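Everything quoted here is computed from the prediction, not taken from an experiment. For ligands, and for the atoms within them, numbers begin at 1 and follow the listed sequence.
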Amino acid sequence: MTTFKIAVFDGDGIGPEIMQPTVELLKHATANQKKFDLSFTSLPAGAAHYEQSGESLPAESVRAARDCDAILLSAMGLPHIRKPDGTEMVPQIDLRFELGLFAGVRPVFTFPRGPRVLSDERAATLDFVLVRESIEGLFAHKDEGVVVDNEYATETLRITREVSKKLFDFSFKLAQQRAKRLNRPGKLMCVDKANVFRSFWFFREIFNECAADYPDIEPSAMYVDAVAMKMVQSPWDFDVMVTENMFGDILSDLGAGLMGSLGLAPSADIGLDHAVFQPCHGSAPDIAGKGLANPSAMVLSAAMMLEYLGDNNQCPAAATCGENLRDAVMQATGMEKGKGRDIGGTAGTDDIASTIQSCLGA
Ligand code: ATP
């Protein structure tokens, strides 16, 4: 039997509250098979850990995480705990840089009997993916911005051929996988601002070069402002989109809005050797400790982790457990006891988790 080692970062705010039921649900979802098992290792990091120890992402935690097959991370950062320059702790972003996690995969989909944000009936079955470049762009020099004489401020945006090529190859392959799974022609759209910035024109040129290696995928490009409008007017037209880090940060929250809540939006940050699975939302300090957090985004991220482990280790049983867990969340979200306050229901964290568990049949 294969054992997959999972690093677990409980994080800050609602982080521990959504991680605990997620680990329990992973155990239930994988219990009735004999092909693999999961071993969990909890690792410290986050703003609260910084307050206690002076370190937000200890080197030993990074070392231990590197040694695992996948990393589960809830949410990190607290607005009242800041670095001396006034910015917030973002160890979850630092980890992407440490592990070279260049592809931030943000699926956007709607739930049967789940929240409806757009009234058009085509919005009932939304299904597209945003790939956010996650280690460069406007975040590449995030700790080096300067304010000069209190008169002006500058930040630097960095696009490299090396990372862009890896990002586009990953995205074209994702488009191929989706085309196969959904039995339809594959499409990939580059989202940029190539009409104004030289860096984005460079990004677009690399995209076009890569497109030549994937003749089965239809490439296209659109400016980010037009994409923001189309995500509201006709999001059902999208398939796979790939974009720069900051644009992806903003558009993925818009995507979570289309899903009905940040509490439902999962994500994965994937590199060549490591992968982190975490919800799109932050640590939600406004509801921390109240039992109100919706764990669904965290659980859906864990389901993506099982699918990743299955696909990368020739272990179809893990991918199947991932699909079952995702289906259980989809089903629970349409039920009264699985509907959190963030989507107009009354269920708390424990109710939602137990509804997902009953949908798993465990
Ligand atoms: P970050 O910048 O770290 O991504 P943020 O400032 O965007 O964080 P969040 O922590 O994501 O903010 O919270 C935004 C809003 O969404 C808050 O009102 C929060 O309570 C709500 N929220 C976030 N996650 C959840 C969740 N899992 N369940 C319910 N509500 C949530």
For this session: Can you pull out the closest protein heavy atom to atom 28 (N) of ligand 1? Residue, atom name and distance to 0.1 Å, please.
Result: N294 N, 2.9 Å
For this session: Quick one: look up the protein heavy atom nearest atom 31 (C) of ligand 1 and list residue, atom name and how far away it is.
Result: I287 CD1, 4.0 Å
Exercise. Side-chain donor-acceptor pair under 3.5 Å between Q278 and S267, yes or no?
Worked result: no
Exercise. Do you see a donor-acceptor pair shorter than 3.5 Å between the side chains of D12 and S283?
Worked result: no
Seminar exercise, completed: So the atoms of ligand 1 within less than 4.0 Å of a heavy atom of A293 turn out to be 28 (N)
Exercise. Step by step, would you call N245 with E136 a side chain to side chain donor-acceptor pair (under 3.5 Å)?
Worked result: CA-CA 7 Å; N245 208 339; E136 49 182 33; over 6 Å; no
Exercise. Is Q92 close to ligand 1, meaning an N/O of one under 3.5 Å from an N/O of the other?
Worked result: no
Exercise. Would one find an N or O of A284, backbone or side chain, under 3.5 Å from an N or O of ligand 1?
Worked result: yes
Problem set entry | Short N-O contact, E88 and R82, less than 4.0 angstrom | yes
Exercise. Below 4.0 angstrom, N of the basic side chain to O of the carboxylate: do E307 and R326 qualify?
Worked result: yes
Problem set entry | Heavy-atom protein neighbour under 4.0 angstrom from atom 2 (O) of ligand 1 | no
Exercise. Does atom 12 (O) of ligand 1 have a protein non-hydrogen atom under 4.0 Å from it?
Worked result: no
For this session: Indicate the ring-plane relationship of F207 and F172, choosing parallel, tilted or perpendicular according to the 30° and 60° boundaries.
Result: parallel
Exercise. Do the rings of F197 and F200 sit parallel, tilted or perpendicular, given the 30° and 60° boundaries?
Worked result: perpendicular
Regarding [atom]: of the candidates [options], which has the closest heavy atom?
| atom | options | answer |
| --- | --- | --- |
| atom 9 (P) of ligand 1 | P295, G263, S261, G282 | G282 |
| atom 14 (C) of ligand 1 | D253, I18, L262 | L262 |
| atom 18 (O) of ligand 1 | D342, D286, D249 | D286 |

Exercise. Only one of R96, R132, Q92 clears side chain to side chain donor-acceptor pair (under 3.5 Å) with D269; which?
Worked result: R96
Exercise. What do we get for S283 next to ligand 1 when only non-hydrogen atoms under 4.0 Å count, side chain, backbone, both or neither?
Worked result: backbone
